[in-house]
Amino acid sequence: MLLGAIVAALLATPALAADPRRPYVVNGDEIKASLTGRAGDPARGRAIVANRQVGLCLLCHTGPIPEERFQGDLAPDLGGAGGRWTEGQLRLRVVDAERFNPTTIMPPYFRTEKLARVAKAFADKPILSAEQIEDVVAYLATLKD
Amino acid sequence: MSLGSAGHVLLGLLVSLTAPALAQAPGERRSGYHDMSPSLQAMQDDEIANPGMLWVLDGEAMWNRKQGAAAKSCADCHGAVSTMAGVAARYPAFSGANPRPVDLAQRINLCRTDNQKADAYPYESKELLSLTAVVTRQSKDLPIAPPADPRLAPFVAAGADLFTQRQGQLNLSCAQCHEDNAGRKLAAATIPQAHPIGYPIYRLEWQSLGSLQRRLRNCLIGMRAEPYAYGADEYVALELYLASRARGMPIEAPGVRP
């Protein structure tokens, strides 16, 4: 497995402080530390997950967000994810789901390398920012059952 | 992903309330028609209600109109448009001295430039869609029949590669949706198997007829991949691969889609 590799650590130069990507360290199947150094906000995270243009999660997943009527059925229900997985596992899953399953259809939300033919408007940008990832992780962690 | 205008969402609801069970045996081929609500199926089936038939009628009028420096109509050389029966079922194909296969719209434009001595119509123009629609309509119910031309093989293979290659910011391949997850729901939309048999198609979201290339472009944009330019070899390769996958399926054009 590739798990345990140090990813993007070389980006940790002061010149890149404004870069939306932050360096992170993978331990086993987790990224233990917050990408921002702070805890995310679960309410904002819920809004990101619910928004099909921002989080896109409900295109594939169902989840305990009843006001969103059209949810996909390509992926497991997000309900209970916070009970099944540690916060560090949830963080790595959202950052780069291929670490769990090389043939996954879940997009890598915080990866900008090893992608082909990205549309110009999205080039070199992760799908979600470090702050957004932390908000989503904080929300998922509340889904205990 | 650009898969959710309000009208589309509403129609998606109709689909989810009325569609029969979608479980399908592996390898069973299924037109996107069967993923639609009965009301949309009825719209496609009824020549009066099917908005795509307006383009077919326009194309029929154009077929008989003299054009270009040659002052010739399509009919002057080809006879009645009904002589085009079976043609759409064979495209994309090699044509004349062209070094690469062309799709039907490109073949029609070759007749514009070479035979009518007129300017090619732009992709997705009303004129090109109308002529493509009327020519394709002549093959309604005929099976997709890619020619047994060995020169096509590398282009079909290139299309198959494109179909299975991950691309875009979302890092998805066509096959991950249209092979691995066909019949499942991407939000409100049922993922079809991606058969090209209804094209050009009237899409309610577009409020217009549109080509297969336009549909492929929509999927690429949904994947957040850079769409190819209209007419690109990549589209023709994908169209060839889709035709090879759909060999034997009956042509439904012009189809209707939400």
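Computed from heavy atoms alone, side chains included, the values below leave out hydrogens, waters and symmetry copies. First the proteins, then the strands, lettered A, B, ... as listed; each starts at 1.
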Q) Does B:Lys185 offer a backbone N or O that forms a donor-acceptor pair with the side chain of A:Asp73 under 3.5 Å? A) yes
**Q.** Separation between CG of B:Leu172 and OG1 of A:Thr104, rounded to the nearest 0.5 Å
**A.** 9.0 Å
**Q.** Where B:Leu186 and A:Cys60 come nearest, the two heavy atoms and their spacing
**A.** CD1-SG, 4.2 Å
Q: Give me the one residue out of A:Arg111, A:Lys114, A:Met106 that meets side chain to side chain contact (heavy atoms under 4.5 Å, CB included) with B:Asn171.
A: A:Arg111
Q: Starting at CD of B:Glu234, measure out to CZ of A:Arg117 and round the result to the nearest 0.5 Å.
A: 6.5 Å
Q) Heavy-atom distance under 4.5 Å between the side chains of A:Leu74 and B:Ile191, does that happen here? A) yes
Q.
Is it true that, when you exclude B:Asp119 itself, more than 12 heavy atoms of the residues, nucleotides or ligands shown sit nearer than 6.0 Å to its CG?
A. no
Q.
Would you say that more than 12 heavy atoms from the other residues, nucleotides or ligands in this model lie under 6.0 Å from the CG of A:Asp145, or not?
A. no
Q | CG-CD1 distance between B:Asn181 and A:Ile105, expressed to the nearest 0.5 angstrom | A | 4.5 Å
Q | Side chains of A:Leu115 and B:Arg224 in contact at under 4.5 Å (non-hydrogen atoms) | A | no
Q | Atom group of A:Glu98 that falls short of 4.5 Å from chain B, counting heavy atoms | A | side chain
Q: Determine the option with the most heavy-atom pairs under 4.5 angstrom with chain A, choosing from B:Pro227, B:Ala225, B:Ala187.
A: B:Ala187
(Q) If you apply the rule side chain to side chain contact (heavy atoms under 4.5 Å, CB included), what do you find for B:Leu170 with A:Leu56, and how did you get there? (A) CA-CA 10 Å; B:Leu170 304 190; A:Leu56 313 167; 3.6 Å; yes
Q. Any idea which heavy atoms bring B:Gly168 and A:Val118 closest together, and the distance?
A. C-CG2, 3.8 Å
Q.
Minimum heavy-atom separation for B:Gln169 and A:Lys125, please, with both atom names.
A. NE2-O, 2.9 Å
